[in-house]
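Bear in mind that the values here come from a model prediction, so they are computed numbers and not experimental data. Sequence lines set the chain letters: A, B, ... in the order given, protein chains first and strands last, and positions in each chain run from 1.
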There are 2 protein chains.
Amino acid sequence: MSASLRIEVNCKLYLRDPQETELGRRMIAESVRLIDEIGLEHFTFRKLAQRMQSTEASLYRYFENKYRLLGYLVSWYWAWLRFQIRFHTHNVPAAALRLRLILGILTRAHRDDPTTTELDEAALYRIVVRESSKAYLTHEVDEDNQAGLFREYKYLVADIAGVVQELSPAYAYPHALISTVVEAAQKQLFFARHLPSLTDTSADATEQRIYRFLEGLLFGALHPPESA
Amino acid sequence: MSASLRIEVNCKLYLRDPQETELGRRMIAESVRLIDEIGLEHFTFRKLAQRMQSTEASLYRYFENKYRLLGYLVSWYWAWLRFQIRFHTHNVPAAALRLRLILGILTRAHRDDPTTTELDEAALYRIVVRESSKAYLTHEVDEDNQAGLFREYKYLVADIAGVVQELSPAYAYPHALISTVVEAAQKQLFFARHLPSLTDTSADATEQRIYRFLEGLLFGALHPPESA
DNA sequence: CCTCACATGAAAGTAATACTATCAACCACA
DNA sequence: TGTGGTTGATAGTATTACTTTCATGTGAGG
């Protein structure tokens, strides 16, 4: 231990880079666990400080507020996912196969990957599923976007959309398709766990079922029957 | 004026039915405008009371907190949408055409319908787009679901999934498909407005483009090319 | 060995939020 | 002429979301 790969996110998300200090790294690791446990609305810097045996003031030196911290965690996740995708598909020439591999990574993403860091990735993925959209579904979305706070997500979508374009250059909505599929991968997992009537049961395990559902969605959209 | 159709939602969403009093109805109408203007996180009952020339205490007599109020607004919207769908498709025999009509309603839903109430529907739809998922993406999701707070949404999805099953009885994921399409209709509109690199531009107007994208998605999934 | 920057801890303070409680005024209706 | 129920007015509490100030420790450079 350990090469723990360095993931970089937009520096405007933080006041001080949490990766550079012990306190910062503890802050990230503990916040993942705490947000997972109590949810973003109940999460406060005071509670985090208590659990970490630190102080509110110290934590505010790293992040402006809990929404920026969330943005950091989520961006880190998207950057990590993008790395995973590149790593596992870089030597796969066929676009269709690459797309299937990506889909597999997207739907298996909540599994703990032992190759990485001291982070609780299963908890982080639950945070991504439950909280990530709150990072951009705000009144300040345009300012935050201007500041580039969502670029990691955009890069991810752009990368995968590129594969779609390679596979089906004539398809008109590659970005919409991929953003829909990425969001659906999370939402369907959430629904399966908490609102099962919004998904469908089957013999397959949840993960497998979501994979098959998204596979049909993705490739069905790319190879239409005979759209009038 | 006016027949203003009566939409009922789960009574556990409120403490006192806001439809039954003048103050309650004003609360709904004004909250829609205020949440639209400042966003849910900045919205407080104090601010709403000030704008309405009422008091915090009075408003707390109707709703436990702002999340329940949000749940009410959103549920009201889903119930209203379901009514719209029934109204416009009740005498259409062909399932495929019915599905297309539903898709049209889903993607045109932000347009003001003059037949209804004193509500600012365009503002309500913006709230649905930006805030609705915050009603269920919480730590309390299971309790709230137990209490039936999301049933309007489930009914809507179940209704539309029923049409899908009629059209393609063999398709394995009708609920997942419809929940994905309904969520995507909102998300893609939000992206088009605020994060355009997550969608695709085209000659079509936004609304039209989202319709075509979702049409391809929906019917592509139902008529797969040759799924192995 | 000194000191100087810098990170953290400790403590306190402020404004706003998220409620709850009490009581008086009013209005509807019996 | 009561009487129950709705609202308004006022006040109060606990928590949240920060900011400020100052003391302390630590490590890097001279």
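In this structure, His42(A) and His139(B) have perpendicular ring planes: the angle between them is above 60°, well past the 30° mark.
Protein atom CG of Asp17(A) is 15 Å distant from nucleotide atom C1' of dA7(C), rounded to whole Å. Residue Leu69(A) contributes atom CG, which lies 14 Å from atom C1' of dA17(D) at whole-angstrom precision. dT17(C) atom P lies 13 Å from atom CG of Leu48(B), rounded to whole Å. Atom CG of Leu15(B) and atom P of dA18(C) are 16 Å apart (whole Å). As rounded to whole Å, 5 Å separates atom C1' of dC18(D) from atom OH of Tyr60(A). Between the CD atom of Glu41(B) and the P atom of dA17(D) there is a distance of 11 Å, given to the nearest Å. For Phe63(A) and dC18(D), the CZ to P distance is 14 Å, given to the nearest whole Å.
Of the N and O atoms on the side chains of Thr138(B) and Glu41(A), not one donor lies less than 3.5 Å from an acceptor on the other residue. Of the N and O atoms on the side chains of Ser133(A) and Gln186(A), not one donor lies less than 3.5 Å from an acceptor on the other residue.
Contacts of Glu20(A) with the nucleic acid, taken as non-hydrogen atoms under 4.0 Å apart, are absent.
Aromatic rings from Tyr67(A) and Tyr72(A) are positioned such that their centres are separated by 6.0 Å or more. Outside the 6.0 Å centre-distance limit, the rings of Phe83(B) and Trp80(B) are not counted as a close aromatic pair.
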Going 5' to 3' through nucleotides 3-16 of chain D and flagging B where a protein heavy-atom sits under 4.0 Å of the base, S where only the sugar-phosphate is that close, and - otherwise, we get ---SBBS------S
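The side-chain tip of Arg68(A) does not point at the ring of Phe63(A) from less than 6.0 angstrom away and within 45° of straight on.
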